[in-house]
Amino acid sequence: MHNNSIPFNRPYMTGKELEYIAQAHLNGILAGDGPFTKKCHRWLEKTIGTKKALLTHSCTAALEMVAILARIQPGDEIIMPSFTFVSTANAFVLRGGVPVFVDIRRDTLNIDENKIEAAITKKTRAIIAVHYAGVGCEMNSIMEIATRHNLLVIEDAAQGIMSTYYDQPLGSIGHFGTLSFHETKNIMCGEGGALLINDEQYIERADIIREKGTNRCQFHRGQVDKYTWHDIGSSFLPGELIAAFLWAQMEAAEMITQIRINLWNNYHQYLAHLDYKGLVKRPTILNNTQHNAHIYYILVPTIQDRTAIIKWLSDRNINAVFHYVPLHSSPAGTRYGRASGDLSITENISDRLLRLPLWPELKLSQIESVVDAVEKYFSN
Ligand SMILES: *Cc1c(COP(=O)(O)O)cnc(C)c1O
């Protein structure tokens, strides 16, 4: 990599990770659910205000656990945005569920709560609220619709740790929340995730599903004298070395979030004049949400512009990327799911969105270089 290059992401280490891994090594407990995992669980329960937090090896795994806990049967429909990562849909398709894709809002890029009800049928079981870029979905409306139709609400808060909606932490509002600690997320351990359970009736079964379908957790708590096979399940928990690494990040979560917000605000100020000129559109943050600066993106006029800007930035050693390819028109999305109504905003945004480099050790001068390069593209 070029010396002056600006990568899209650089995982941030607090400096405590190796110390805690060494401590786990010394403890001699390396399988899951050891002392570091318990510290992480308690921190999540306290910070997010969830009834039960369980570390998993990914957000994907947490979503797969939700599909099992919700007893999704073949043909059951799950409403979700098309503008999301594949795991949101895949976890339910694995149980025979049918993703029903709904368009997003033009401002927050979150599922359009006003288009959810038209997608509900007799087979609908759940609504998934994906908090894009750590900005809260309209949870009040979504919860109200779900209550009226007796549906489960799952918050895919993979990007939403430390964000709030009307002062409620994301992941604490629906029946379930899922988090990701993938290297690209704000708080990370390489690969990792968590399931948040806000409805107590699911807690006991979650412990069993996460431990290969056995009641090993009850055995370890001394509640039963032997453990055996009780339900379907898999190995969804991470080992202690991962939890030790993650604990270092959780301790610094507040600081990491604040640093990211400062950088995000710098981009936002520096890009304001391009927005006023109508050349780019910056993210919209509504007053009801405090976001965590997970992503800084701009919307450029056309897909041709986006392709050209990525090349323009790359020629200046700046790595900018885009996502998502809409799920409703993807090969698997057309096979396993269906679109509800028109998804033109999803298609339009997916062509025009560009993510700019954002990571805690990014320097102000590097942000200036990125903004300068974007400005030069438009003045050319
Ligand atoms: C990152 C992400 C996931 C997947 O997380 P993993 O921990 O990599 O499995 C799922 N949903 C959304 C919205 C994400 O951003």
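Indexing begins at 1, ligand by ligand and atom by atom, following the structure's order.
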His323: which of Phe8, Phe85, Tyr132 passes ring-ring contact (aromatic ring centres under 6.0 Å, His included): Tyr132
Glu191, any N or O under 3.5 Å of ligand 1 N or O: no
Min side-chain heavy-atom separation Ile345-Asp112 under 4.5 Å: no
Part of Thr60 with heavy atoms under 4.0 Å of ligand 1, whether side chain, backbone, both or neither: both
Closest protein heavy atom (residue, atom, distance) for atom 11 (N) of ligand 1: Asp156 OD2, 2.9 Å
Sidechain N-carboxylate O distance under 4.0 Å for Lys52, Glu200: no
N or O contact, Ser87 vs ligand 1, cut-off under 3.5 Å: no
Atoms in ligand 1 flagged as close to Gly192, the criterion being non-hydrogen separation under 4.0 Å: 7 (O)
Where ligand 1 meets Val130 - atom numbers and elements under 4.0 angstrom, heavy-atom basis: 13 (C)
Min side-chain heavy-atom separation Trp264-His294 under 4.5 Å: no
Proximity of Phe378 and His273 rings by center, below 6.0 Å: no
Separation of Ile318 CD1 from Trp312 CH2 (nearest 0.5 Å): 11.0 Å
For Tyr324, atoms of ligand 1 separated by under 4.0 Å from a heavy atom: 15 (O)
Pick from Lys185, His294, His182, His131: the one approaching atom 1 (C) of ligand 1 most closely through a non-hydrogen atom: Lys185
Main-chain N/O of Ile29 paired with Asn27 side-chain donor or acceptor, under 3.5 Å: no
Region of Ser58 that comes within reach of ligand 1 [heavy atoms, distance under 4.0 Å]: both
Heavy atom of the protein closest to atom 15 (O) of ligand 1 (residue, atom name, distance): Gln159 NE2, 2.8 Å
Ile79 vs Ser340 side-chain heavy atoms within contact, under 4.5 Å: no
Close N or O approach (Leu63, ligand 1; < 3.5 Å): no
Any donor-acceptor N/O pair, Glu155 side chain to Gly177 backbone, under 3.5 Å: no
Heavy-atom nearest neighbour in the protein, as seen from atom 12 (C) of ligand 1, with distance rounded to 0.1 Å: Ala158 CB, 3.4 Å
Closest protein heavy atom to atom 4 (C) of ligand 1, given as residue, atom name and distance to 0.1 Å: Phe85 CD2, 3.6 Å
Sub-4.5 Å side-chain heavy-atom contact between Tyr165 and Asn140: yes
Within reach of ligand 1, part of Phe83 (heavy-atom separation under 4.0 Å): neither
Within-cut-off N or O pair, Ser180 and ligand 1, under 3.5 Å: yes
